[in-house]
There are 2 protein chains.
Amino acid sequence: MSDLPPGGPPAGTGTTARRRGRPPRTESADTRDRILTAARDEFSERGYEKTSVRGIAKAAGVDSALVHHYFGTKEQVFEAAITQSFGPALQAPKAVEEGPLDGVGERLTRFFFGVWENPATRAPLLAVVRSAVTNETAAAVFRRIVATQALRRIAGRLDLPDAELRAELAAAQLVGTAMLRYVIKVEPLASADTEQIIARLAPVVQRHLTEP
Amino acid sequence: MSDLPPGGPPAGTGTTARRRGRPPRTESADTRDRILTAARDEFSERGYEKTSVRGIAKAAGVDSALVHHYFGTKEQVFEAAITQSFGPALQAPKAVEEGPLDGVGERLTRFFFGVWENPATRAPLLAVVRSAVTNETAAAVFRRIVATQALRRIAGRLDLPDAELRAELAAAQLVGTAMLRYVIKVEPLASADTEQIIARLAPVVQRHLTEP
DNA sequence: GTCTATATTTAGATAGAC
DNA sequence: GTCTATCTAAATATAGAC
């Protein structure tokens, strides 16, 4: 809308000349975000193949050409949306991995369902799961999540044989539950109380990780 | 593995006039089967959305119009391919559910990996998993498999509270492992020895099902 | 920065010839 | 029973106007 005069700082007078930091993109930072959020939601609901750039654009209230203008190909839109989503809330807090080893099963299980029960953090995970079964980019992200969440951070502390395999089988229990509960929606699991599920899974995860 | 012998006499042989039973479809029974097998393989490798009817036709060595001629829409091709695939080898044998309860964890786990390690029986399962995350028909099949394999047949015998939930969490452990091993291919799980995995999972499955 | 217009490709589905 | 030809719809992606 209101155009910046191209080139130098605004000829505008008396006001403070605060032209530092990143050059303003008018209101496009907003638009960029709206597109990425719309993309994240579309990918999470439909998966990679079924999602169209046009659908993303529509959901964001812009034209599809603009989506391409910002991010390039559909694949790059996916990458951008996922990358942005995984910045903030998806790293397991240090408390999960740093506490006493014999409570790690419950802490990890609790953290896992905390993330999945929150619609905002569930969306990017759904996007990855729904896309990873047929899209290699998403599969790579999936692998990275499993590796960084389960392996580097926890398996490293286990002083047991097959530490990595153990961590992955624990992850498999959690991932499989998420799959059946949030994606396939198998009953009664899909409607079961979270605490009840955690109560059943925590000892199993613990067992995978520490049982000699 | 070994295909069921088709009901009627083979098309080519009979010189004698045995015109009874179903009217002959010349060699089309062959073609039908080739199409369904090709469909099963395409769906298993690419998932529902990414698979095209043209791709199926090409793999079967026929024209895409013929695929429609036999089966109708793409959705119906999927249904036919899955239905055929799940006739023979995918029911858990009675031994799995009928033996002593305290060995059911190992028997079920062994059966599960037996099916997944066999390329012929793995294909339709991959097709369902790859498709179920975005396709409701496939999701319904998935649900039915979990229900009939895990629930009706085993949970019914458990004299414990939350028998169904228990069975589904056991299924989640197995499904999650298949997901990470065969679909996402997370290492070292993807290359691990089957016996090693079974040794770790069987007691966990057992625990889900019978631990008081 | 944002949209209109369009080139290009690919897919699902059907009619009809042989 | 099988294929050729074709209609129709949708998608990715780009060029260029405003």
Side-chain angles (χ1 to χ4, degrees), chain A residues 1-7 10 22-39 42-43 45-81 131 134-138, chain B residues 6 8 10-12 19 22-39 42-43 45-81 131 134-138:
Chain A
M1 307 270 174
S2 57
D3 310 307
L4 292 179
R22 75 144 188 271
R25 279 198 256 159
T26 317
E27 65 172 357
S28 78
D30 244 30
T31 306
R32 257 185 82 99
D33 264 19
R34 283 213 327 280
I35 293 175
L36 284 186
T37 303
E42 293 285 308
F43 284 124
E45 281 170 29
R46 305 188 216 292
Y48 183 82
E49 318 294 342
K50 228 171 171 172
T51 295
S52 71
V53 176
R54 289 155 129 98
I56 294 170
K58 190 172 201 172
V62 299
D63 189 274
S64 70
L66 193 59
V67 179
H68 284 123
H69 174 69
Y70 276 131
F71 303 104
T73 71
K74 177 181 172 181
E75 188 87 24
Q76 292 170 315
V77 176
F78 181 80
E79 281 201 45
S131 303
T134 54
N135 179 277
E136 178 48 34
T137 300
Chain B
R19 279 286 164 264
R22 75 144 187 273
R25 282 197 254 157
T26 317
E27 66 172 355
S28 78
D30 244 30
T31 306
R32 257 185 84 99
D33 264 20
R34 283 214 326 280
I35 293 174
L36 284 186
T37 302
E42 292 286 306
F43 284 124
E45 280 170 28
R46 305 187 216 293
Y48 183 82
E49 318 294 341
K50 228 171 172 172
T51 295
S52 70
V53 176
R54 290 156 129 97
I56 293 170
K58 189 172 202 172
V62 299
D63 190 273
S64 70
L66 192 59
V67 179
H68 284 123
H69 175 68
Y70 276 130
F71 302 104
T73 70
K74 177 181 170 181
E75 188 87 25
Q76 292 169 318
V77 176
F78 180 80
E79 281 200 45
S131 302
T134 53
N135 179 276
E136 179 48 35
T137 300

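Residue numbers start from 1 in every chain, and the chains themselves are labelled A, B, ... in the order their sequence lines are given, proteins ahead of strands.
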What is the distance, to the nearest angstrom, from the OH atom on Tyr70(B) to the P atom on dG1(D)?
6 Å

With Thr51(B) via side-chain hydrogen bond (donor to acceptor under 3.5 Å, both in side chains) - residues at least two apart:
none

Listing request: all ring-ring contact (aromatic ring centres under 6.0 Å, His included) pairs with a residue in residues 49-69 of chain B, at least two apart in sequence or in separate chains.
none

dA9(D) C1' sits how many Å from Lys74(B) NZ, rounded?
14 Å

Here the distance between atom P of dA13(C) and atom NE2 of His68(B), to the nearest Å, is 4 Å

Taking only N and O in the side chain of Thr31(A), is any of them less than 4.0 Å away from OP1 or OP2 of dT2(C)?
yes

Whole angstroms only, please: what is the CZ-P distance between Phe71(A) and dT2(C)?
11 Å

Which residues in residues 59-67 of chain A have at least one heavy atom lying under 4.0 Å from any atom of DNA chain D?
Ala65(A)

Only one of Val62(B), Val77(B), Leu36(B) forms a side-chain contact (heavy atoms from CB on, under 4.5 Å) with Ile56(B), so which one is it?
Val77(B)

Going by the rule side chain to side chain contact (heavy atoms under 4.5 Å, CB included), which residues pair with Thr137(A) if we only count those two or more places apart in sequence or in a different chain?
Glu75(A), Phe78(A), Glu79(A), Asn135(A)

Where do N or O atoms of nucleotides 6-10 of chain C meet protein N or O atoms at under 3.5 Å, pair by pair?
none

Distance in angstrom units between Ile35(A) CD1 and dG1(C) C1', rounded:
10 Å

Look only at the side chain of Arg34(A) and the backbone of Ala60(A), and say whether a donor-acceptor pair between them is shorter than 3.5 Å.
yes

Lys74(B) to Tyr48(B) six-membered ring, cation-pi geometry met (6.0 Å, 45°):
yes

Contacts of Ala65(A) that satisfy side chain to side chain contact (heavy atoms under 4.5 Å, CB included) - sequence neighbours left out:
Asp63(A)

List in chain and number order the residues that pass side-chain hydrogen bond (donor to acceptor under 3.5 Å, both in side chains) with Thr134(A), two or more places apart in sequence or in another chain; answer none if no residue qualifies.
Glu49(A)

CD1 of Ile56(A) versus C1' of dA11(D): gap in Å, rounded?
12 Å

